[in-house]
Amino acid sequence: MKVAVVGATGLVGSKMLQVLAERNFPVTELIPVASEKSVGKEVSFKGKQYKVVTAQTAISMKPNVAIFSAGGSTSLEWAPKFAEAGITVIDNSSAWRMDPTKKLVVPEVNASALTPEDKIIANPNCSTIQMVIVLDPLHKQYGIRRVVVSTYQSVTGTGVKAVDQLMNERKGVPGPMAYAHQIDLNVIPQIDVFLDNGYTKEEMKMVKETVKIMGDERVKVTATTVRIPVMGGHSESVNIEFDKDFDLTEVRALLAKTPGVVVVDEPSKAEYPMPKDAHDKDEVFVGRIRRDESQANTLNLWIVADNLRKGAATNAVQIAEYLQSKQWL
């Protein structure tokens, strides 16, 4: 199968290549795509070197699937051109997520919504993906009314420039700033730009994407998204109010048998999910599972996942795997 990776030289694009290789996706020919300035450079995949080409060249090479991770403007310009050529696009940017004509997919939750006619498929926001995987089985069992989420997000979610900023600050070396403020020894309660309602774009992504993926407008979500000086994964404190009461033992058992979820919840042994333990893993880790004692039918959870893997690359590759299993590629 011919596979194009658009944005192959970026942080997420590089992770896409790693995940494609690790999961043994049947790539017979890799087509790495990047901006004009990267054309001609080589990327390594499974011990072979492939030259970076332009998006137009990639279309002419007729890949079966194109996985995009090159930013919203690139996706808006090029995804329709790939789709018009009959190439299925899985897009990791925010460009198509809230388009009512496009599916927004987390395979464990709503892969069944896909059809052979879907030529541009949106990959959700990293912080949304890890949350909905945990919410979905609980919603089916108890009915979710409201979710209050605060995130603690890795600098890798911003990109290489942010990683460099953190490491430069740690060494006391001046350098380019990805953020308006110092990130080392600090916490920045802003991810993306502020909107007129006082929330950031990242916060509203979590609100709107959760409802779209779960297919239930009764689920109310409010979010505060925060950047912290860590690498390895995003963490989330999630408070969930249900229609009906629950049993904690049943909640743990339900989550433990959910595909893609690992329960790490032994407070007496100081065992709970942390970004350093989620790093380079595909699973979503959940712990600190406890009843909210301030009101009825309400649960508190702590959710951690590698934002570059399940939050981006792995989820996109899993969508491709689902399409391949249906012989739609």
Side-chain angles (χ1 to χ4, degrees), residues 1-8 12-13 16-17 19-33 45 53 55-70 72 74-126 128-129 132-133 136 140 208-217 258-260 282 309-329:
M1 188 178 295
K2 282 189 189 178
V3 178
V5 175
V6 181
V12 176
M16 294 277 186
L17 299 178
V19 172
L20 283 165
E22 286 177 4
R23 295 178 73 90
N24 285 314
F25 193 77
V27 181
T28 51
E29 184 182 348
L30 179 73
I31 305 171
V33 181
F45 180 73
V53 300
Q56 192 60 60
T57 301
I59 291 172
S60 70
M61 295 169 76
K62 296 188 170 12
N64 301 82
V65 62
I67 304 176
F68 273 61
S69 191
T74 300
S75 295
L76 286 170
E77 181 183 356
W78 286 101
K81 294 176 182 177
F82 276 77
E84 282 161 21
I87 302 158
T88 300
V89 172
I90 301 167
D91 180 47
N92 196 51
S93 79
S94 60
W96 306 100
R97 289 176 188 157
M98 296 316 298
D99 184 324
T101 68
K102 306 291 185 287
K103 308 287 172 57
L104 183 64
V105 176
V106 177
E108 294 91 337
V109 178
N110 66 336
S112 59
L114 290 168
T115 70
E117 286 70 49
D118 291 311
K119 284 298 175 190
I120 299 177
I121 301 162
N123 207 35
N125 188 39
C126 46
T128 306
I129 289 172
V132 296
I133 283 183
D136 184 58
K140 286 171 178 162
K208 294 173 180 175
E209 290 179 22
T210 299
V211 172
K212 183 172 178 178
I213 295 162
M214 296 180 72
D216 191 340
E217 293 193 356
T258 299
D282 287 332
R309 288 188 68 105
K310 185 53 185 170
T314 301
N315 199 75
V317 173
Q318 285 176 312
I319 293 171
E321 288 171 345
Y322 179 84
L323 298 173
Q324 184 217 0
S325 73
K326 294 288 186 182
Q327 299 184 321
W328 292 343
L329 293 179

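Looking at heavy atoms from C-beta onward, P124 lies in side-chain contact with N315 at the 4.5 angstrom threshold. Residues L30 and L17 have side chains in contact (heavy-atom distance under 4.5 Å, counting atoms from C-beta outward). Taking the side chain as every heavy atom from C-beta outward, P107 and I319 approach each other to under 4.5 Å.
Shortest non-hydrogen contact noted between I87 and P63 is CG1-O, 3.3 Å. Taking each heavy atom of L76 and P80 in turn, the nearest pair found is O-CD, 3.4 Å. Taking all atoms of both residues into account, the shortest heavy-atom contact from D91 to S75 is OD1-OG, 2.5 Å. Closest heavy-atom contact between A58 and I31: CB-CG2, 3.8 Å. Nearest approach of K212 to K102, heavy atoms of both residues: NZ-O, 2.8 Å. Contact detail for S69 and N92: the closest heavy-atom pair is OG-ND2, 3.5 Å.
Sorted by first and then second residue, the ring pair (Phe, Tyr, Trp, His ring centres under 6.0 Å) pairs involving residues 82-126 (not counting sequence neighbours) are F68-F82. Here salt bridge (charged side-chain N to carboxylate O under 4.0 Å, His left out) pairs that include residues 311-329, with residues two or more places apart or in two chains, are R23-E321.
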List the steps, then state whether side-chain contact (heavy atoms from CB on, under 4.5 Å) holds for L114 with W328. CA-CA 10 Å; L114 290 168; W328 292 343; 4.1 Å; yes
Show the numbers, then the answer: is there a side-chain contact (heavy atoms from CB on, under 4.5 Å) between K310 and I133? CA-CA 10 Å; K310 185 53 185 170; I133 283 183; 3.2 Å; yes
Would you please test V106 and D136 for side-chain contact (heavy atoms from CB on, under 4.5 Å) and show each step? CA-CA 11 Å; V106 177; D136 184 58; over 6 Å; no
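For K119, the side chain to side chain donor-acceptor pair (under 3.5 Å) criterion is met by T88, not counting sequence neighbours. Taking the salt bridge (charged side-chain N to carboxylate O under 4.0 Å, His left out) definition, one finds that K103 meets it with D118, sequence neighbours left out. In this structure, the side-chain contact (heavy atoms from CB on, under 4.5 Å) partners of Q324, at least two apart in sequence or on a different chain, are M1, F25, P26, L329. Checked against side-chain contact (heavy atoms from CB on, under 4.5 Å), K208 has the following partners two or more places apart in sequence or in another chain: M98, M204. Taking the side chain to side chain donor-acceptor pair (under 3.5 Å) definition, one finds that N64 meets it with nothing, sequence neighbours left out. Looking at residues two or more places apart in sequence or on another chain, you find no side chain to side chain donor-acceptor pair (under 3.5 Å) involving T210. Under the side-chain contact (heavy atoms from CB on, under 4.5 Å) criterion, A316 pairs with M16, I67, I90, N123, sequence neighbours left out. Residues forming a side-chain contact (heavy atoms from CB on, under 4.5 Å) with K81 (at least two apart in sequence, or on another chain): I59, E77, W78. When the side chain to side chain donor-acceptor pair (under 3.5 Å) test is applied to D216, the partners found at least two apart in sequence or on another chain are H139, R218.
Taken to the nearest 0.5 Å, the CD1 atom of I129 stands 9.0 Å off from the CD atom of Q318.
Of the possible donor and acceptor atoms, one in the side chain of N110 sits under 3.5 Å from a partner among the backbone N and O of L104. Between the side chain of K62 and the backbone N or O of K2 there is no donor-acceptor pair closer than 3.5 Å. Between the side chain of T74 and the backbone N or O of A70, at least one donor-acceptor pair lies under 3.5 Å. When atom types are taken as modelled, the side chain of E108 and the backbone of G260 share no donor-acceptor pair closer than 3.5 angstrom.
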